[in-house]
K.L.:
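Once you've had a glance at the structure underneath, I'll fire off some questions.
As the structure lists them, so they are numbered: ligands from 1, and atoms in each ligand from 1.
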Amino acid sequence: MRIPEHGMVSSRARDRMIREQLLSQGINDPRVLAVMRETLRHLFVEEALASRAYGDENLPIGEGQTLSQPYTVARMSQALNLTGPEEVLEIGTGSGYQTAILSKLCHKVYTIERLPTLADTARKRLRRLGFHNVVCRQGDGSLGWPEERQFDRVIITAGTPITPSSLIRQLAPNGVLVAPEGTLSVQNLIRITRLADGNIHQETLEPCCFVPLVGAQGWKDDSP
Ligand code: SAH
C-alpha cells in the first residue's frame, strides 16, 4: 500500500514525535530537536514500514539489524555535544538515519558498516538524499577508521562488551565518545571524554538496548 500525502502526514507525525518522545524525555538541545524535526525518517526504512517511522519503536532494516527509536538517536546525538565544526566517526551505519542526523550537526561524518548490503544501501541513500558531507565505508569498525587519524567525536551505534581501544585511541584531545557498553541483551550508554591533558573521563548515562557490535574488538561473529 502506498502511503498518501507523505509530506503532510509525516510533518504532523514528526511534530508529535518531538513533543511526545523527545521534549518529554529531556532532549533539549535546540539543534538536535531541529534536525530531528526536519529529517524525513520514513525515507530510511522500507516503504511498508514508513507509516511507523515516527513511532516510539525500533524498526527492522534488514539482515537482522534495527534502526533505534527516535529518542535513542536524539539522546546519543545530544550526548556528543556537537556545535558544528566537528569531524565525527560513526561505527554502525545501518540505515544511515543516525548518520544523516549527525551530518547536519557537524562538519563531516565518517561512517563504517560491517554488512556489505547495508553499507551499500546506506551509501546510495545518503548520496541520493543529498548528504554530501558523509564518507561511507564497509568494514569492521571495531578496529577503528582504517587510516591513522583522530576524530573530535566517536559514536558506536551497536552494543559492545567493552569500548574498543582502537576507537578510544582515535579520539582527539577534548573529544567525546558515546557508546552502548554491556551484555548482549542490555547495555549502558557511556560517554568517554578525552581531557586536554590526555586522560580519560568516563560517565554512565542511562540503560539502553542495541544489536551487537560484531568484530575483532566486539562480539564474536557466530553466524554460519
Ligand atoms: N545507527 C543505525 C542503526 C544501527 S544498528 C541507523 O541509524 O540505522 C547497528 C549497526 O551496526 C548494524 O547495521 C550492524 O551491522 C553494524 N555493525 C555491527 N558490528 C559492526 C562493526 N564491527 N563495524 C561496523 N558496523 C557494525
K.L.:
Checking a contact table here: which protein heavy atom is nearest atom 12 (C) of ligand 1, and how many Å away?
P.N.:
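Its nearest protein heavy-atom neighbour is Gln65 OE1, 3.3 Å.
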K.L.:
Would you say the side chains of Arg37 and Ser11 form a donor-acceptor pair under 3.5 Å?
P.N.:
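Short answer, yes.
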K.L.:
Checking Glu90 against Thr93: is there a side-chain donor and acceptor pair closer than 3.5 Å?
P.N.:
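Not at all, the side chains of Thr93 and Glu90 share no donor-acceptor pair under 3.5 Å.
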K.L.:
Are Leu89 and Val178 linked, directly or through other ILVMFWY residues, by side chains that come within less than 4.5 angstrom of each other?
P.N.:
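Leu89 does not cluster with Val178.
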K.L.:
Taking 4.0 angstrom as the limit and counting only heavy atoms of Gln98, give me the atoms of ligand 1 inside it, by number and element.
P.N.:
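Answer, ordered by atom number: 1 (N), 7 (O).
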K.L.:
Number the atoms of ligand 1 from 1 as they appear, then name those within less than 4.0 Å of a heavy atom of Asp140, with their elements.
P.N.:
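Counting from 1, the qualifying ligand atoms are 21 (C), 22 (N), 23 (N).
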K.L.:
Which residue and atom name correspond to the protein heavy atom nearest atom 25 (N) of ligand 1, and how close is it?
P.N.:
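Among all protein heavy atoms, the one nearest atom 25 (N) of ligand 1 is Arg114 N, 3.1 Å.
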K.L.:
Does Arg75 pair with Glu206 as a salt bridge, N-O distance under 4.0 Å?
P.N.:
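Salt bridge: yes.
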K.L.:
Starting from atom 13 (O) of ligand 1, find the nearest protein heavy-atom neighbour and note its residue, name and distance.
P.N.:
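Residue, atom and distance for the closest contact: Glu113 OE1, 2.7 Å.
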K.L.:
For residues Thr157 and Gly92, report the shortest heavy-atom separation together with the two atoms involved.
P.N.:
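Closest approach of Thr157 to Gly92, heavy atoms only: OG1-O, 2.8 Å.
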K.L.:
Does Ile112 approach ligand 1 within less than 4.0 angstrom via side chain, backbone, both or neither, non-hydrogen atoms only?
P.N.:
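It is the backbone that gets close, since no side chain atom is under 4.0 Å.
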K.L.:
Checking a contact table here: which protein heavy atom is nearest atom 11 (O) of ligand 1, and how many Å away?
P.N.:
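Here the nearest protein heavy atom works out to Gly92 CA, 3.2 Å.
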K.L.:
Is a donor from one side chain sitting under 3.5 angstrom from an acceptor on the other, for Thr163 and Glu181?
P.N.:
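Yes, because at least one side-chain N or O of Thr163 sits under 3.5 Å from a partner of the opposite role on Glu181.
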K.L.:
Find all atoms of ligand 1 within a distance of less than 4.0 Å from any non-hydrogen atom belonging to Thr66, and give their numbers and elements.
P.N.:
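Once the distances to Thr66 are compared, the set is 3 (C), 4 (C), 5 (S).
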K.L.:
Who's the nearest protein heavy-atom neighbour of atom 1 (N) of ligand 1, and how far?
P.N.:
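Ranked first by proximity to atom 1 (N) of ligand 1 is Thr157 OG1, 3.1 Å.
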K.L.:
Looking at Glu203 and Arg191, is any side-chain nitrogen of the basic one under 4.0 Å from a carboxylate oxygen of the acidic one?
P.N.:
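Looking at Glu203 together with Arg191, the answer is yes, because their closest N to O distance falls below 4.0 Å.
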K.L.:
Provide the number and element of each atom of ligand 1 under 4.0 Å from a heavy atom of Pro212.
P.N.:
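Listed by number with element: 18 (C), 19 (N).
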K.L.:
Check this for me: does any side-chain nitrogen of one of Glu38 and Lys104 sit under 4.0 Å from a carboxylate oxygen of the other?
P.N.:
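Salt bridge flag = yes for Lys104 with Glu38.
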K.L.:
Using a 4.0 Å cutoff against the non-hydrogen atoms of Leu213, which atoms of ligand 1 qualify?
P.N.:
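That gives atoms 18 (C), 19 (N), 20 (C), 21 (C), 22 (N) of ligand 1.
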K.L.:
Quick check on contacts: which atoms of ligand 1 are under 4.0 angstrom from a heavy atom of Ser95?
P.N.:
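The list of qualifying atoms is 6 (C), 7 (O), 8 (O).
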K.L.:
Using a 4.0 Å cut-off to any heavy atom of Ser142, which atoms of ligand 1 qualify?
P.N.:
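Checking each atom against Ser142, I get 22 (N).
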K.L.:
Could you list the atoms of ligand 1 found under 4.0 angstrom from a heavy atom of Tyr97?
P.N.:
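The list of qualifying atoms is 7 (O).
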K.L.:
Decide whether the shortest distance between a heavy atom of Thr93 and an atom of ligand 1 is less than 4.0 Å.
P.N.:
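Under 4.0 Å: yes for Thr93.
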K.L.:
Are any of the N/O atoms on Val214, whether in the backbone or the side chain, positioned under 3.5 angstrom from an N/O atom of ligand 1?
P.N.:
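Checking ligand 1 against Val214, an N or O pair does fall under 3.5 Å apart.
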K.L.:
Would you call Glu87 and Arg149 a salt bridge, using N to O less than 4.0 angstrom?
P.N.:
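Looking at Arg149 together with Glu87, the answer is yes, because their closest N to O distance falls below 4.0 Å.
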K.L.:
Looking only at the side chains, is there a donor atom on one of Glu63 and Thr117 sitting less than 3.5 Å from an acceptor on the other?
P.N.:
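Distance-only check passes for Glu63 and Thr117.
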K.L.:
For Gly141 and ligand 1, does the shortest N/O to N/O distance drop below 3.5 Å?
P.N.:
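Between Gly141 and ligand 1 (N or O atoms, distance only) the closest approach is under 3.5 Å.
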K.L.:
With a 4.0 Å cut-off, would you call Lys124 and Asp120 a salt bridge?
P.N.:
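A salt bridge links Lys124 with Asp120.
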